[in-house]
Amino acid sequence: MTTLETREPADAPSGTATASTDLRPRVTLVQTWHQTMGFAARAFKKMRRNPEQFSDVSVQPIMFTAMFAYIFGGAISGDVAGYLPIMVPGILAMTCLTACMATGVQLREDMDSGVFDRFKSLPVARVAPLAGPMVADLVRYGIAATLTFAVGILMGYQPGGGVAGVLGAIALVVITGWSLSWAFTFVGTIARSAQSVQGISMMILFPLTFLSNAFVPVDTLPGWLAAFVKINPISHVVSAVRDLANEGTVTAEVGWALIGCVLVIAVFAPLSVRSYQRER
C-alpha cells in the first residue's frame, strides 16, 4: 500500500503541509482563521529580523507631526496649539496610507522571491497568504497612531474626547489601515516590481491625502476642489477621528468611514485573491 507523503517547505508557517496530489481540500472558516494566523506569525518573525520595517511608522509620525505643526500652524490657525486639533487627525490618515503602501511593496518583494509559489501548492485557503501579513501589519498601524497622538500631546494637543475618544480614534485608524491595505495588496499583485508598486501607490497616496480636509479647512478651498474633498473617503476618516478625539462623540462621519472600509474590503479583497492566484 502506498502512502501519501507530505513535506513542509522551510518558509511555510507551522501547521501547513504540501501534498503530492493536485486535489485541494475544502477549507473551513475555522481552518482559514488558523492558517491566516500562521502566516501572520511568519510575518511577525520577518518584522523581528528586519526592524527597519518599522521605520515608516516610528520615524514618520514624529517627523511629520512636528514639521507640519511648526510650518503651517501659524499660517492656518494663528499658532501651533490651535492647529494641533486639526492637524493630528490628518497626520494619522497620512501615516496610515503610507503604512498601507509598504504592505503592497513587501508583498511584491515576497512574490518576486518565489516563496509565494510554494504557498500556492499548500492545502490552505487562498486568502490566508495575503491576509496573514496584513494581520501582522495591524501592529504597525497601532504604533503609528499611538506615536502621532503622543507627539501631539507633548506639543500641547489636548484631546477633548479623553482617553476613550483617543482609543476610539486609534481603533478607527487601525481598521481603516487594514481595509485600505487590501487596495495596496491588489496593486502589489498586478505590478511587475516593488518599485512600480511604490510608484503607483504614491500616485494614489498624495491625491487622497492632500486633496482632503486633513490639513486645511474645506471652506478655504475653491468650490470645485471643495466638492472633491467632501467626497474623498479620507476626508470622512479625518472628520471621524476629529469627532472622536476632540469631542468624544460618535457622529455620522464615523459611520461613513466604517461603511467606506467595508466597501474597500468587499471590492479589493476578492480582486487581490483572484490576481494572486493568476500570478505566475
Side-chain angles (χ1 to χ4, degrees), residues 56-57 60-69 71-73 75-77 80-101 141-142 144-153 155 157-162 164-181 183-184 201-202 204-222 225-264:
D56 60 334
V57 296
Q60 180 176 303
I62 299 174
M63 180 179 65
F64 280 5
T65 302
M67 183 176 67
F68 275 77
I71 292 177
F72 299 112
I76 295 177
S77 298
V80 173
Y83 187 48
L84 288 174
I86 299 175
M87 182 206 65
V88 169
I91 296 294
L92 281 172
M94 184 170 66
T95 304
C96 168
L97 281 174
T98 305
C100 294
M101 179 182 69
Y141 306 147
T146 303
L147 281 178
T148 301
F149 271 114
V151 174
I153 291 172
M155 295 177 63
Y157 175 45
Q158 298 179 355
V166 169
L167 291 178
I170 291 176
L172 179 61
V173 169
V174 171
I175 293 171
T176 302
W178 192 80
S179 63
L180 290 175
S181 63
F184 291 100
S201 299
M202 292 298 286
I204 299 172
L205 169 67
F206 279 103
L208 285 178
T209 303
F210 290 101
L211 298 183
S212 70
N213 64 348
F215 302 111
V216 296
V218 179
D219 55 12
T220 64
L221 302 175
L225 182 56
F228 173 80
V229 168
K230 290 178 181 179
I231 62 174
N232 185 343
I234 298 302
S235 294
H236 292 292
V237 174
V238 173
S239 297
V241 172
R242 285 174 182 158
D243 292 338
L244 289 168
N246 295 338
E247 301 176 11
T249 57
V250 179
T251 62
E253 292 292 348
V254 177
W256 284 115
L258 293 175
I259 290 173
C261 292
V262 172
L263 291 177
V264 169

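The structure displayed is predicted, hence computed values, not measured ones. Residue numbers count from 1 along this sequence.
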Peer 1: Using the side-chain contact (heavy atoms from CB on, under 4.5 Å) criterion, which residues pair with Val80? Sequence neighbours excluded.
Peer 2: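 Ala69, Tyr70, Leu84, Met155.
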Peer 1: Applying side-chain contact (heavy atoms from CB on, under 4.5 Å), can you list everything that pairs with Leu147, at least two apart in sequence or on another chain?
Peer 2: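 side-chain contact (heavy atoms from CB on, under 4.5 Å) list for Leu147, sorted by chain: Ser58, Pro61, Ile143.
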Peer 1: Can you list everything that forms a ring pair (Phe, Tyr, Trp, His ring centres under 6.0 Å) with Phe206? Sequence neighbours excluded, please.
Peer 2: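 Counting only residues at least two positions away or on another chain, Phe206 forms a ring pair (Phe, Tyr, Trp, His ring centres under 6.0 Å) with Phe210.
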Peer 1: How far apart are the closest heavy atoms of Pro89 and Pro85, and which atoms are they?
Peer 2: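 Scanning both residues completely, I find the closest heavy atoms to be CD-O, 3.4 Å.
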Peer 1: Can you tell me how far the OG1 atom of Thr176 sits from the OH atom of Tyr141, to the nearest 0.5 Å?
Peer 2: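 The distance works out to 10.5 Å.
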Peer 1: Between Phe149 and Val88, is the side chain to side chain contact (heavy atoms under 4.5 Å, CB included) condition met? List the steps.
Peer 2: CA-CA 7 Å; Phe149 271 114; Val88 169; 4.1 Å; yes
Peer 1: Holding to side-chain contact (heavy atoms from CB on, under 4.5 Å), I want the full list of residues that pass it with Met67, two or more places apart in sequence or in another chain.
Peer 2: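 side-chain contact (heavy atoms from CB on, under 4.5 Å) check on Met67 returns Phe64, Ile71.
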Peer 1: Output a table of donor-acceptor pairs, distance under 3.5 Å, between side-chain atoms of residues 256-264 and any protein atom two or more places apart or on a different chain; print 'none' if there are none.
Peer 2:
none

Peer 1: Quick one: CG on Leu92 to CG on Leu172, what's the gap to the nearest 0.5 Å?
Peer 2: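 It is 9.5 Å, given to the nearest 0.5 Å.
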Peer 1: My understanding is that only residues two or more places apart in sequence, or in another chain, count here; which of them pass side chain to side chain donor-acceptor pair (under 3.5 Å) with Thr209?
Peer 2: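 Not a single residue meets the side chain to side chain donor-acceptor pair (under 3.5 Å) criterion with Thr209.
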Peer 1: Among pairs that include at least one residue of residues 164-175, which meet side-chain hydrogen bond (donor to acceptor under 3.5 Å, both in side chains), considering only residues two or more places apart or in two chains?
Peer 2: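 Every pair satisfying side-chain hydrogen bond (donor to acceptor under 3.5 Å, both in side chains) with a residue in residues 164-175: there are none.
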Peer 1: Any idea which heavy atoms bring Ile204 and Pro207 closest together, and the distance?
Peer 2: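 The pair with the smallest heavy-atom distance is O-CD, 3.5 Å.
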Peer 1: Search all heavy atoms of Met94 against all heavy atoms of Gln60 and return the closest pair with its distance.
Peer 2: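 Looks like O-NE2, 4.0 Å.
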Peer 1: Test side chain to side chain contact (heavy atoms under 4.5 Å, CB included) on Ile76 and Thr220 and set out the steps.
Peer 2: CA-CA 10 Å; Ile76 295 177; Thr220 64; over 6 Å; no
Peer 1: Kindly say whether the aromatic ring centers of Phe68 and Phe215 come within a distance under 6.0 Å.
Peer 2: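 Judged by ring-centre distance (under 6.0 Å), Phe68 and Phe215 do meet the cut-off.
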Peer 1: Quick check for you: to the nearest 0.5 Å, what is the distance between Ser212 atom OG and Leu225 atom CG?
Peer 2: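 So the gap between those two atoms works out to 10.0 Å.
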Peer 1: What distance separates Ser201 OG from Leu208 CG, expressed to the nearest 0.5 Å?
Peer 2: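 Interatomic distance, Ser201 OG to Leu208 CG, rounded to 0.5 Å: 11.0 Å.
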Peer 1: Within the structure provided, determine whether Ile234 and Leu97 are in side-chain contact (heavy-atom separation under 4.5 Å).
Peer 2: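 They are in side-chain contact.
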Peer 1: Please give me the minimum heavy-atom distance between His236 and Lys230, naming the atom from each residue.
Peer 2: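 Taking every non-hydrogen atom into account, NE2-O, 3.4 Å.
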Peer 1: Counting distance only, does the side-chain N/O of Ser77 pair as donor-acceptor with the main-chain N or O of Gly73 below 3.5 Å?
Peer 2: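 Between the backbone of Gly73 and the side chain of Ser77 there is no qualifying donor-acceptor contact (under 3.5 Å).
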Peer 1: Please list, chain by chain and in numerical order, all residues satisfying side chain to side chain donor-acceptor pair (under 3.5 Å) with Asn246, sequence neighbours excluded.
Peer 2: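 Once residues adjacent in sequence are excluded, the partners of Asn246 under the side chain to side chain donor-acceptor pair (under 3.5 Å) criterion are Tyr157.
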Peer 1: Which residues satisfy the side-chain contact (heavy atoms from CB on, under 4.5 Å) test with Ile62, sequence neighbours excluded?
Peer 2: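 With neighbours one apart ignored, the set is Val151.
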Peer 1: Donor-acceptor pairs under 3.5 angstrom involving side-chain atoms of residues 238-245: please list them, not counting sequence neighbours.
Peer 2:
residue, atom, partner, partner atom, Å
Ser239, OG, Asn213, ND2, 2.9
Ser239, OG, Ser235, O, 3.0
Arg242, NE, Ile86, O, 3.3
Arg242, NH1, Asn213, O, 3.1
Arg242, NH2, Ile86, O, 2.8
Arg242, NH2, Asn213, O, 2.6
Arg242, NH2, Ala214, O, 3.1
Asp243, OD2, Thr251, OG1, 2.5

